[in-house]
Number of protein chains: 2
Amino acid sequence: MANLRGGDLSRLRQLNSLSAIRALRGAGPLTLSALAERTGLSRPSTKEVVDELAQVGWVEEVPPSPGTMGRPARRYRFRANCGYLVGIDIGAHNVRAALADLDGQVLAETRQPALPGAPLDDRLAAIERAVSGCLTLSGKTVADLWTVAVGTTGIVTPDGRVAYSASVPSWTGLDLAGRLREMFPCEVLVENDSRLAALAESRRGVARGSRDVVFLHVARRMGAALIIDGRLHRGFGTAAGEIGMLPEMRWLQATDHLNGCAIVPEETAPEDAAGYTLAAARSGDPVALDAVGRYLDDLAVGAAAMALLLDPEVVVLGGGFSRAADVLLEPLRERLERSCMRMPEVLASTLGEECVVLGAIDYAVDHLDRQHFTADAGPVPPQAAVTSR
Amino acid sequence: MANLRGGDLSRLRQLNSLSAIRALRGAGPLTLSALAERTGLSRPSTKEVVDELAQVGWVEEVPPSPGTMGRPARRYRFRANCGYLVGIDIGAHNVRAALADLDGQVLAETRQPALPGAPLDDRLAAIERAVSGCLTLSGKTVADLWTVAVGTTGIVTPDGRVAYSASVPSWTGLDLAGRLREMFPCEVLVENDSRLAALAESRRGVARGSRDVVFLHVARRMGAALIIDGRLHRGFGTAAGEIGMLPEMRWLQATDHLNGCAIVPEETAPEDAAGYTLAAARSGDPVALDAVGRYLDDLAVGAAAMALLLDPEVVVLGGGFSRAADVLLEPLRERLERSCMRMPEVLASTLGEECVVLGAIDYAVDHLDRQHFTADAGPVPPQAAVTSR
DNA sequence: CTACTAATGAAGCGCTCCTTCGTAACTAGG
DNA sequence: CCTAGTTACGAAGGAGCGCTTCATTAGTAG
């Protein structure tokens, strides 16, 4: 079922190129021998692979490191700067963008405000401004972009439309991928924002290295996303993670405990109420702490359901409220401890606001690898040949 | 991360052997050209691969099919009978076993009664009797067995111990894999029974071909198992699927609605009460139907949670109560329809009682493929060389 | 008996990887 | 400054795998 089709010799080379690239990307400049050891190939074969990669522009030689015994070894590095990726986070109140190299290293970041009720075109314009801001900051042009990956609120269909968005009404029904392809002359990827945040946590965040991760997006609206067997789980209709829609999970009204806390001053803006309560709880206010407790009682139901069902290695607390992790984490652990068969690690996100943007970049990097892995055509995007020496 | 190590030439051959075997297993005897088309290899290469497989005993030639134009093509088939597998289902009241060839085709089946409270050794003896029954029926000996795969109630650790079993008290803490290895001189695999049932459904049951499947084990005790991305999901501590432990899911007492139904005669044995109510519901008894409705209200909570979280293609209703699928299926669909974002297919198991046994066999077949795929040593189990011509 | 059809089997080629070995470049020590 | 030691380089030769090509063979159809 998996792969019924057998392989060609070129496929073997493809496999080996990929593993060389992965090794180089993971461990900075490497000598031939070091690379050979990592890929499991012999030195001459490694040389062959590296030469080929250098020719098409994926890899280049760097000066050897001096001060070693013996003849200095030639060193090679992944040419992370032969193309660039943009990750975009389309939230209800902000559009964030970051430009990264092919290593996923961020070179520039921008943020554009947007209002939940703003018209469609305003938000699209904000996206364009956010990206061109990144380009200006980093001194690149739109022609340098290989991929634009977008995380957006709402449910995203496989072809990149927004099926439904509760927090950004104008977004529902939009052919987001289509509009973005008009905007940018490169590959465009669209995904749900919580999922990308989960991906970022599993790639470079607190869940790095874990194969099974439950990501809890705690914010005004609650969300969830899953990494299963090291991969983002989308579901058959790309609607996975919507467990919060079930009333019995008690996520729909969970935030009300924070918003409706008695200590919140009347003049507080509705979107700041929960933050106020969390801040008060941190400074020890008993009324606020009680509200947080009830909030967590609700949150823990869905979290426990996920932990019991999937038995993840890690549960990550991300999203806006995870800034208050110090008042949320330990009580959440206690509640999960009571219901779980095997207690997972419970950790707070450390990537903060940029989580989704970083996830989008990681998603773009993954996509590149996937293309390289399966592409029958050229693994090399158009610009590479030009950029090569 | 996935596979950093590159490949050898022999690895390519390994890949191609595997895809040839898969194609042959899937589609009966094939001519060289047909096989070449399926594997994507050229005819001469296919010949080479097939010759090698024939030499070690995996494949053999069969007489050509007459009546075709042109020179008759040689045909080859997978030698499913060069080794045998046993699947075992250790339930609370029965031990079932089935012997199958390497295609997973069942050749013999047996059942041994056992009581939930019976001592450990009685149950182990029942296993031995069940297996030797299969061997006798099929005329094989224990030396013909390549793999024994077992599905048992309870939570199974990665090394094949039973961490906890609610329905078979004496089972808790048992080193089941260890005991079975003393019994059988071959590979021994141990897994949770619901998971194997799920696997069977996704391989040969109603969920065949679906990559994401939720399996609902409906019986006196409720269970769940997941197929994600075509593979059994175990979780980090192999404790996945235990969503029913959460009180808010309302699975723990769901069956009480059936057991405690007013129409059940007092003299009915406790384990038959639910069946009585289901039967009455089928014949239209309004009180029973009402009880079934309340039962499904509870069942649907957990089912909806799973469907929302995972967005599976199919939800399969299996386990003892699935015999009453005609009264359960449609009402369950209605309830899920109300809560799901994207409604999955909801289907009843058609494999019935043998579900777990078949799943165990499929699991053994999978395991064989996995070994063949990754083994650095020989893909050929000890007997194969002997059996070969 | 002849024409047609479809698969066979052998030969030759190209690609990928491997092992081996003499050579080159640099450091350490006298 | 020169020599010994160390490490990597690069070229050569060989083996395995898959591909294409083509004359040959074993059937069916008329």
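As a basis for the values below, the full set of heavy atoms in this structure was taken, side chains included, without hydrogen atoms, waters or symmetry mates. What you are looking at is a predicted structure, and each value in this text was computed from that prediction instead of being measured. Below, chains carry the letters A, B, ... as their sequence lines are ordered, and counting in each starts from 1.
Nucleic acid contact class of B:Ser42 (heavy atoms, under 4.0 Å, all strands): base.
The salt bridge (charged side-chain N to carboxylate O under 4.0 Å, His left out) search around B:Glu187 returns none, not counting sequence neighbours. Taking B:Arg231 as the reference, A:Asp229 meet the salt bridge (charged side-chain N to carboxylate O under 4.0 Å, His left out) condition, with sequence neighbours excluded. In this structure, the side chain to side chain donor-acceptor pair (under 3.5 Å) partners of B:Thr157, at least two apart in sequence or on a different chain, are B:Asp159. Judged as a side chain to side chain donor-acceptor pair (under 3.5 Å), and not counting sequence neighbours, the contacts of B:Glu60 are B:Arg77. Under the salt bridge (charged side-chain N to carboxylate O under 4.0 Å, His left out) criterion, B:Glu61 pairs with B:Arg74, not counting sequence neighbours. Considering only residues two or more places apart in sequence or on other chains, B:Ala225 meets the side-chain contact (heavy atoms from CB on, under 4.5 Å) condition with B:Ser194, B:Arg195, B:Ala198, B:Phe215. Take B:Glu52 and apply the side chain to side chain donor-acceptor pair (under 3.5 Å) test, not counting sequence neighbours, and it matches B:Arg13. Under the rule for a side chain to side chain donor-acceptor pair (under 3.5 Å), the partners of B:Ser45 that lie at least two apart in sequence or sit in another chain are B:Ser42.
Between the CG atom of A:Leu41 and the P atom of C:dT19 there is a distance of 11 Å, rounded to whole Å. Counting to the nearest Å, the C1' atom of C:dC18 and the CG atom of A:Leu12 are 13 Å from each other. When the C1' atom of C:dC17 is taken as reference, atom CG of A:Asp51 falls 15 Å away, rounded to whole Å.
Not one side-chain nitrogen or oxygen of A:Asn16 sits closer than 4.0 Å to the OP1 or OP2 atom of C:dT16. For the OP1/OP2 pair of C:dC17 and a distance below 4.0 Å, the side-chain nitrogens and oxygens of A:Arg13 include at least one atom meeting the criterion.
Along DNA chain D, read 5' to 3', the first and last nucleotides having any atom under 4.0 Å from a heavy atom of chain B are D:dG16 to D:dA29.
By the 4.0 Å N-to-carboxylate-O rule, A:Asp101 lies too far from A:Arg79 to be salt-bridged with it. Between B:Arg25 and B:Asp369 a salt bridge is recorded (basic side-chain N to carboxylate O distance below 4.0 Å).
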N/O to N/O distances under 3.5 Å, protein versus nucleotides 24-28 of chain C:
| from | atom 1 | to | atom 2 | distance (Å) |
| --- | --- | --- | --- | --- |
| C:dA24 | O4' | A:Arg71 | NH1 | 3.3 |
| C:dA25 | N3 | A:Arg71 | N | 3.3 |

For residues 63-72 of chain B, which side-chain N or O atoms pair as donor and acceptor with protein atoms under 3.5 Å away, sequence neighbours left out?
none

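Near DNA chain D, meaning a heavy atom under 4.0 Å away, the residues from residues 43-50 of chain A are A:Arg43, A:Lys47.
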